[in-house]
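Read through the structure below, which is laid out as structure tokens, and then see the notes.
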Amino acid sequence: MHRPDPAASVRPRRRRSSGALWHWLFAAAILVPCLGATRPRAARVSPSAAPAVSAPVVPPCATTDGGARLVIHVEACRFELFDACGRRLREGPCSTGSDATLKVPDGRRWTFRTPRGTRRVHHKATQPVWYKPDWAFLEENEPVPPAEAPSRYVRGMLGRFALDIGSGYLVHGSPYRSGIGTRTTHGCIRMLDEDLELVYATLQIGDAVVLE
């Protein structure tokens, strides 16, 4: 059985009364299904999803190449993080899409593939919450609940940080360290939290994530 890969909606954690919690989650949610499918839904984000860690201190450079960037080597399951001067800050393992296809009796199908090309960071969130999509229930042979069901919201599955790179794809953490470095996700980029913390601090809104 696959461990659930956070194909997810990301939302920052806040303390709210129980009566207002679900209203806030739907009013301020990021609905980001990390599908790898042919028609992913677009993302919505809470304006409060702000960075919670400081950017690394590095010596200044005379020129920049347009911002920091994260390079994902999809087949090799490796990442490289570069600052705005083009200096490599870190490299290491990551997990990428399995390319597996899930088909269900009603005719729907999902292909869990990491896309290629250059994307941009749209939003950032700390302590993100996974909005569990239909395929995650179907993959586990569980009934699919209504869209507003509390069982859709799962804490802890995305690690401590998440970056939305558009079209339903995230760069995020995971509680499952043993799977990092393999092609086992549902399309998202999954990283160790200690690596992702530096990525989160380095990349700003609009910076590039290169998937090659």
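No hydrogens, no waters, no symmetry mates; every other heavy atom, side chains included, goes into these values.
Among pairs with a residue in residues 202-212, none fulfils salt bridge (charged side-chain N to carboxylate O under 4.0 Å, His left out), at least two apart in sequence or across chains. Residues in residues 165-180 take part in these salt bridge (charged side-chain N to carboxylate O under 4.0 Å, His left out) pairs, two or more places apart or across chains: Arg177-Glu194.
Of the candidates Thr96, Leu158, Leu170, Cys188 forms a side-chain contact (heavy atoms from CB on, under 4.5 Å) with just one, namely Leu170.
Arg116 pairs by the side-chain contact (heavy atoms from CB on, under 4.5 Å) definition with Val74, Glu75, not counting sequence neighbours. With sequence neighbours excluded, the residues forming a salt bridge (Lys or Arg N to Asp or Glu O under 4.0 Å) with Arg90 are Asp195, listed by chain and number. Among residues two or more places apart in sequence or in another chain, the side-chain hydrogen bond (donor to acceptor under 3.5 Å, both in side chains) test is passed with Thr101 by Thr111. Remark: Arg108 engages Asp106, Asp134 in a side-chain hydrogen bond (donor to acceptor under 3.5 Å, both in side chains) (not counting sequence neighbours).
Ring geometry for His186 versus Phe112: interplanar angle over 60°, hence perpendicular rather than tilted (30 to 60°). Relative ring orientation between Trp130 and Trp135 is described as tilted, the plane-to-plane angle lying within the 30° to 60° band.
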Checklist line | Criterion side-chain hydrogen bond (donor to acceptor under 3.5 Å, both in side chains) on Arg183 and Thr114, from CA distance to verdict | finding: CA-CA 9 Å; Arg183 299 196 63 190; Thr114 299; 6.0 Å; no
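Of all heavy-atom pairs spanning Pro128 and Gly159, the tightest one is CD-O, 3.5 Å.
A side-chain donor-acceptor contact under 3.5 Å links Arg119 and Ser167.
Because its NZ or CZ atom is both nearer than 6.0 Å to the ring centre of Tyr200 and within 45° of the ring axis, Lys124 counts as a cation-pi partner of that residue.
In summary, Asp99 and Arg113 engage in a salt bridge, as defined by a charged side-chain N under 4.0 Å from a carboxylate O.
Atom OH of Tyr131 sits about 4.0 Å away from atom CZ of Arg152, to the nearest 0.5 Å. Atom CZ in Arg120 sits 12.0 Å away from atom CD1 in Ile165 (nearest 0.5 Å).
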